[in-house]
Colleague: 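I have a structure I would like to understand better, so I am pasting it below and will then ask my questions one at a time.
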Amino acid sequence: MLRHLFTPSWVLGRTFTPDVMAAIDAAVAASEARHRGEIRFAVEAGLDLPELMRDATARERAVEVFSRLRVWDTEENTGVLIYVQWLDRQVEIVADRGIARRVPQAAWDGVCRTMEAAFRDGRFGEGSVEAVRAVGDLLAGPFPARPDNPNELPDRPVLL
């Protein structure tokens with residue numbers, strides 16, 4: 001609990017440098033050119049006191065961030081959030097209902113565990129970009145791109 005309370009959000013800048021953020025941004029843009037999904041990538045250093053007091057799980061927090069970032073706000077309900085709770089090295093992927101019907105949660109969980117393994121090895125940038133690509137691979141089959149493939153959500157990752 002104390003680690004969360006005393007870890008400032010600016011520490012994310014040491015790991016998610018401008019170069020890493022640009023690489024994630026580029027990976028999201030490249031991925032979205034292949035499918036109709038919309039990917040958001042969010043990283044949070046630690047949890048705030050209210051989340052800690054209610055013993056929120058990484059999954060619960062990811063669902064809150066999904067709502068806060070309005071990832072659900074796409075025409076075909078094809079938003080996907082990759083959420084990283086950095087301090088505990090936990091990753092969650094939340095898919096909107098249009099995607100959840102076609103891609104099983106087990107597939108998302110596999111991407112999360114692979115990304116967590118990369119993080120344990122200190123490969124934050126590479127692990128993040130690989131996860132974005134893996135999400136794109138999962139979306140390309142059931143949601144292939146169309147000629148009129150609007151970019152409905154920002155590609156830029158967000159540090160919370």
Side-chain angles (χ1 to χ4, degrees), residues 4 9 12 15-16 20-21 23-120 123-145 149-160:
H4 284 269
S9 59
L12 293 175
T15 303
F16 290 90
V20 169
M21 297 291 279
I24 296 169
D25 188 335
V28 169
S31 175
E32 289 180 356
R34 300 174 36 225
H35 55 76
R36 296 188 317 274
E38 291 292 322
I39 300 171
R40 290 299 318 259
F41 191 100
V43 183
E44 189 163 40
L47 299 176
D48 292 331
L49 186 59
E51 286 84 22
L52 293 169
M53 294 302 292
R54 66 180 175 86
D55 201 25
T57 65
R59 180 72 182 181
E60 291 168 339
R61 183 62 182 146
V63 170
E64 290 173 13
V65 171
F66 181 91
S67 176
R68 187 171 126 197
L69 295 178
R70 299 176 59 98
V71 179
W72 50 266
D73 195 13
T74 63
E75 184 68 29
E76 293 186 73
N77 298 313
T78 55
V80 175
L81 172 68
I82 301 172
Y83 170 80
V84 177
Q85 200 287 305
W86 181 80
L87 192 58
D88 294 330
R89 307 294 196 266
Q90 293 183 330
V91 179
E92 291 289 337
I93 296 178
V94 179
D96 204 346
R97 62 186 173 269
I99 291 174
R101 289 184 201 119
R102 309 272 305 271
V103 180
Q105 185 62 43
W108 302 124
D109 292 343
V111 175
C112 293
R113 301 304 78 86
T114 301
M115 192 174 176
E116 289 169 351
F119 286 3
R120 281 192 298 275
R123 298 182 311 109
F124 294 97
E126 293 171 24
S128 298
V129 168
E130 290 168 6
V132 169
R133 288 183 187 140
V135 167
D137 292 343
L138 290 170
L139 294 173
F143 300 97
N149 193 19
N151 190 9
E152 299 176 86
L153 299 174
D155 296 341
R156 181 99 177 125
V158 61
L159 302 178
L160 303 171

Colleague: Side chain to side chain contact (heavy atoms under 4.5 Å, CB included) between Y83 and V63: does it pass, once the steps are laid out?
Modeller: CA-CA 9 Å; Y83 170 80; V63 170; over 6 Å; no
Colleague: Any heavy-atom pair between the side chains of F41 and S128 that's under 4.5 Å?
Modeller: yes
Colleague: Would you please test I99 and W108 for side chain to side chain contact (heavy atoms under 4.5 Å, CB included) and show each step?
Modeller: CA-CA 11 Å; I99 291 174; W108 302 124; 3.4 Å; yes
Colleague: Test T78 against H35 for side chain to side chain contact (heavy atoms under 4.5 Å, CB included), laying out the working first.
Modeller: CA-CA 10 Å; T78 55; H35 55 76; over 6 Å; no
Colleague: Got a second to check how far L139's CG is from R34's CZ, nearest 0.5 Å?
Modeller: 9.0 Å
Colleague: Under the side chain to side chain contact (heavy atoms under 4.5 Å, CB included) rule, what do L153 and T74 come out as? Steps first, then yes or no, please.
Modeller: CA-CA 8 Å; L153 299 174; T74 63; 3.9 Å; yes
Colleague: Give me the atom names and distance for the closest heavy-atom approach of P144 to R36.
Modeller: O-NH1, 2.7 Å
Colleague: Looking only at heavy atoms, what is the nearest atom pair of M21 and V158, with distance?
Modeller: CE-N, 4.4 Å
Colleague: For residues G127 and A118, report the shortest heavy-atom separation together with the two atoms involved.
Modeller: CA-CB, 3.6 Å
Colleague: How far apart are the closest heavy atoms of Q90 and A58, and which atoms are they?
Modeller: OE1-CB, 3.1 Å
Colleague: Roughly how far, to the nearest 0.5 Å, is the CD atom of E38 from the OG atom of S31?
Modeller: 10.0 Å
Colleague: Does any N or O in the side chain of Q85 come within less than 3.5 Å of the main-chain N or O of V91, such that one atom is a donor and the other an acceptor?
Modeller: no
Colleague: Taking all heavy atoms of I93 and all of R59, pick out the closest pair and write down the distance.
Modeller: O-NH1, 2.7 Å
Colleague: Assess whether a salt bridge exists between E116 and R113, defined as any Lys/Arg side-chain N lying under 4.0 Å from an Asp/Glu carboxylate O.
Modeller: yes
Colleague: Would you give the length of the straight line joining atom CZ of F124 to atom OG1 of T15, rounded to the nearest 0.5 angstrom?
Modeller: 5.0 Å
Colleague: Kindly compute the distance separating CD (E152) from CD (E75), expressed to the nearest 0.5 Å.
Modeller: 6.5 Å
Colleague: Which heavy-atom pair separates L81 from V71 by the least distance, and what is that distance?
Modeller: N-CG1, 4.1 Å
Colleague: Can you confirm whether V103 sits close enough to P142 that some side-chain heavy atom of one is under 4.5 Å from a side-chain heavy atom of the other?
Modeller: yes
Colleague: Are the side chain of D109 and the backbone of P104 linked by a donor-acceptor contact shorter than 3.5 Å?
Modeller: no
Colleague: For residues R61 and E44, determine if any side-chain heavy atom of one lies less than 4.5 Å from a side-chain heavy atom of the other.
Modeller: yes
Colleague: First locate atom CG of D55, then atom CD of E60, and finally report the distance between them rounded to the nearest 0.5 Å.
Modeller: 8.0 Å
Colleague: Rounded at 0.5 Å granularity, tell me how far CD in E92 sits from CD1 in I82.
Modeller: 12.0 Å
